[in-house]
Amino acid sequence: MTDQSLIILGASGDLTARLLLPGLGALLAAGHVPGLQLIGAATEDWDDARWRSRVSDSFGFSWDKTRYIQADVTKADDLRAVLAAADGPPAIFFALPPAVTARACSVLLDVDLPPGTRLVLEKPFGTSSQAAAELNSLLTRLVPEKQIHRVDHFLGKSTVLNILGLRFANRIFEPLLTSTHVASVDIVFDEDLALENRAGYYDHAGALADMIQSHLLQILGLLTMEPPTSLDAGELRDRLADVLRATHIWEGNPAAFSRRARYTAGSLQGRQLPGYAQEPGVDPSRNTETLAEVVLAVDTWRWAGVPFRLRSGKAIGDSRKEAVITFRCPPRVPDGLTGYDEHDRLRIGFGPDKLALDFNINGPGDPFVLDQVTLEAGFGPGDLPPYGEVLRGVFDNDPTLSIRADVAEQCWRIVEPVTAAWADGKVPLLEYPAGSTGLTDSLLKP
Ligand code: NDP
């Protein structure tokens, strides 16, 4: 009898190979869940040996307690066979295309789930607030909410979690994080990755759903929520839900406060890339954006009036991943002290992971001319990669780092006016060359 079982549905897929197995390997190597039994399932006609070799390549060591089962997860008998192979209380990880996940969940209604079964769902969680609500109600017919883990692996990133320590374990930053002192906040995740053969998923998602609706809204939530009294699942997710409920598109005007664009052919780090519309598997008529930008308002006492710009683009030459808090000007700079032209900024880098504070001092040279200097601190990497953290929460039955049902619905509610304005053609689809900095000007001048 082993401690626990992890069933990966979609064992032959990209997520499993690139992120899930390496994260699991790191968790096991660190001594967690030593007795774990791992079951991989997919429709591919693989045998145990082929699966084991994928597992050991990813782990960097061999793991005997694993086997592969060929199964179509849309068939109840196949799902029963997979579950019957589990020795311990299973965590079922749905590493499947979203539509197949929804189908598999409805089929599970006809299958007896062992006590203690946990369901682990990937993003995108639904396609709209209504679809997310329907999926939520289906899932709670299978297991209680506390056994449902909706993955946002950004919540497993140590730098993202560092926002909590930075804000709530220091006296010096938190009192300044209010509309009295902050002029604007930018949350940017520009990647140098292009489509990388993921048209099947990405062409139906786009940058808004792939990055902003999920990861960047979680970062916004951590940056803006009121201090939790503890980091347990109830308290932290209550505070996150409060602030996301108060978040909406700036001035309620998605046509004016959102932008979308897709990359054209260009050169990225010495690689010649085709335009997005020419990438294999892309349907250009879907008008999928590879860059999305929105301005949001967080309508709370603390944040009312501060614009939050969220932006993410693919195939960007100057990859930039950071949250930047721009402070207001000081009320007055004394006469005789010249050269003030830069706001103070607190920058939280999500790769490289670092914290930087840009501020003005008299600096070198003429002591009455201001210079901007930067104080920088690097965060080392976390003990575990993000998927290792996510899986640790699953095995520990701790949903703190997973997205609660209402939060998943709120995140769709926030972006839905933007999706509707884009579908109505109210916002043009702009273009930028791959390898460029994307759209250069800003939607909102500071
Ligand atoms: P892939 O298309 O690469 O893999 C899908 C997997 O599902 C394959 O193993 C496929 O196996 C299996 N599958 C499909 N239909 C069935 C079926 N009826 N029965 C059993 N298995 C089936 O997708 P990804 O791995 O890229 O994505 C999986 C999920 O993870 C998606 O929700 C995606 O949004 C999410 N995600 C992915 C990321 C990534 O980087 N890849 C990042 C973040 C989230 P077979 O072909 O053998 O049927």
Side-chain angles (χ1 to χ4, degrees), residues 6-24 38-48 50-51 54-55 58 68-83 85 92-108 111 119-127 131-132 135 139 148-157 160 189 191 193-216 218 280-281 288 312 314 385-391 394 401-403 408 411-412:
L6 175 66
I7 297 173
I8 302 180
L9 304 179
S12 59
D14 181 71
L15 176 81
T16 301
R18 276 196 320 112
L19 296 169
L20 196 46
L21 289 178
L24 179 61
L38 174 63
I39 299 171
T43 60
E44 293 283 349
D45 182 15
W46 285 7
D47 58 13
D48 283 346
R50 175 146 184 204
W51 167 244
R54 170 163 288 203
V55 170
S58 297
Y68 178 81
I69 300 178
Q70 187 179 8
D72 179 345
V73 301
T74 63
K75 295 192 175 134
D77 282 343
D78 285 17
L79 282 169
R80 281 190 197 101
V82 173
L83 282 162
I92 307 177
F93 200 116
F94 296 82
L96 300 161
V100 183
T101 295
R103 182 88 195 95
C105 289
S106 25
V107 172
L108 281 176
V111 174
L119 306 178
V120 192
L121 290 108
E122 260 301 334
K123 65 151 210 189
F125 186 83
T127 47
L135 190 50
L139 293 172
I148 302 169
H149 297 253
R150 296 171 196 78
V151 173
D152 188 318
H153 72 275
F154 268 44
L155 290 182
K157 279 180 186 267
V160 171
F189 207 88
E191 308 181 274
L193 289 176
L195 190 58
E196 319 296 335
N197 299 318
R198 295 194 62 220
Y201 157 69
Y202 194 84
D203 204 35
H204 289 83
L208 184 70
D210 185 47
M211 292 301 300
I212 293 181
Q213 183 273 340
S214 47
H215 307 314
L216 301 198
Q218 295 308 311
T288 301
S312 181
K314 273 196 176 301
Y387 270 86
E389 283 296 348
V390 163
L391 288 169
V394 173
L401 298 185
S402 93
I403 308 294
C411 290
W412 282 114

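We count ligands from 1, going down the list as the structure has it; atoms in each ligand are counted the same way.
- Listed by number with element, the atoms of ligand 1 under 4.0 Å from a non-hydrogen atom of Arg18 are 39 (C), 40 (O), 41 (N).
- A perpendicular orientation is assigned to the rings of His215 and His153, their planes being inclined by more than 60° (bins at 30° and 60°).
- In terms of N/O distances under 3.5 Å, ligand 1 is approached by Glu44.
- Within the 4.5 Å cutoff, the side chain of Leu401 has no heavy atoms near those of the Val390 side chain.
- Residue Gly13 places at least one N or O, backbone or side chain, under 3.5 Å from an N or O of ligand 1.
- The side-chain heavy atoms of Ser214 and Phe125, taken from C-beta on, include no pair separated by under 4.5 Å.
- Residue-to-ligand polar distances place Asp14 within reach of ligand 1: an N/O pair is separated by less than 3.5 Å.
- When hydrogens are left out, the protein atom nearest atom 19 (N) of ligand 1 is Val73 N, 3.0 Å; that is the closest non-hydrogen contact.
- When only non-hydrogen protein atoms are considered, atom 35 (C) of ligand 1 lies nearest to Lys123 O, 3.4 Å.
- Checked by distance only, ligand 1 and Asp72 come closer than 3.5 Å through their nitrogen or oxygen atoms.
- Note that atom 7 (O) of ligand 1 has protein non-hydrogen atoms nearby, at separations under 4.0 angstrom.
- Counting heavy atoms from C-beta on, the side chains of Gln218 and Val160 never come closer than 4.5 Å.
- Looking at Tyr201 against ligand 1, only its side chain comes within 4.0 Å, counting heavy atoms.
- Between Glu196 and Tyr202, every side-chain heavy-atom pair lies at or beyond the 4.5 Å cut-off.
- Atom 16 (C) of ligand 1 has Val100 CG1, 3.9 Å as its closest protein atom, hydrogens excluded (heavy atom only).
- Regarding atom 44 (C) of ligand 1, its nearest protein heavy-atom neighbour is Glu122 OE1, 3.1 Å.
- Considering Ala41, Ala71, Gly40 only, the shortest heavy-atom separation from atom 20 (C) of ligand 1 involves Ala71.
- There is no protein heavy atom less than 4.0 angstrom from atom 2 (O) of ligand 1.
- Closest protein heavy atom to atom 9 (O) of ligand 1: Ser12 OG, 2.7 Å.
- With rounding to the nearest 0.5 Å, the separation of CG in Leu9 from CG in Leu108 is 8.0 Å.
- Of all atoms in ligand 1, listed by their number and element, those nearer than 4.0 Å to a heavy atom of Gly10 are 6 (C), 7 (O), 9 (O), 12 (C).
- Looking at atom 22 (C) of ligand 1, its nearest protein heavy atom turns out to be Leu96 CD2, 3.6 Å.
- Residue Ile92 forms a side chain to side chain contact (heavy atoms under 4.5 Å, CB included) with just one option from Val82, Leu83, Ile39, Leu121, and that option is Leu83.
- At the top of the distance list for atom 27 (O) of ligand 1, counting protein heavy atoms only, stands Leu15 CB, 4.2 Å.
- Counting only heavy atoms from C-beta outward, the side chains of Thr101 and Val73 never approach each other to under 4.5 Å.
- For atom 45 (P) of ligand 1, the nearest non-hydrogen atom from the set Leu9, Val82, Thr43 comes from Thr43.
- Nearest-residue assignment for atom 38 (C) of ligand 1 (options Gln70, Arg198, Glu196; heavy-atom criterion): Arg198.
- Note that SG of Cys411 is 12.0 Å distant from CD1 of Ile212, once rounded to the nearest 0.5 Å.
- More than 12 heavy atoms of other residues, nucleotides or ligands shown are found within 6.0 angstrom of CG on Asp48.
- Partners of Asp72 according to the side-chain contact (heavy atoms from CB on, under 4.5 Å) rule, which considers only residues two or more places apart in sequence or in another chain, are Thr43, Thr74, Lys75, Asp78.
- With a 4.0 Å cut-off on non-hydrogen atoms, Ala95 touches ligand 1 through its backbone and not its side chain.
- Applying the 4.0 Å criterion to heavy atoms of Pro97 picks out, from ligand 1, the atoms 5 (C), 7 (O), 14 (C).
- Figure legend: Lys123 and Phe154 shown without cation-pi pairing, the cationic atom not lying both under 6.0 angstrom from the six-membered ring centre and within 45 degrees of its axis.
- Taking the ring pair (Phe, Tyr, Trp, His ring centres under 6.0 Å) definition, one finds that Phe93 meets it with nothing, sequence neighbours left out.
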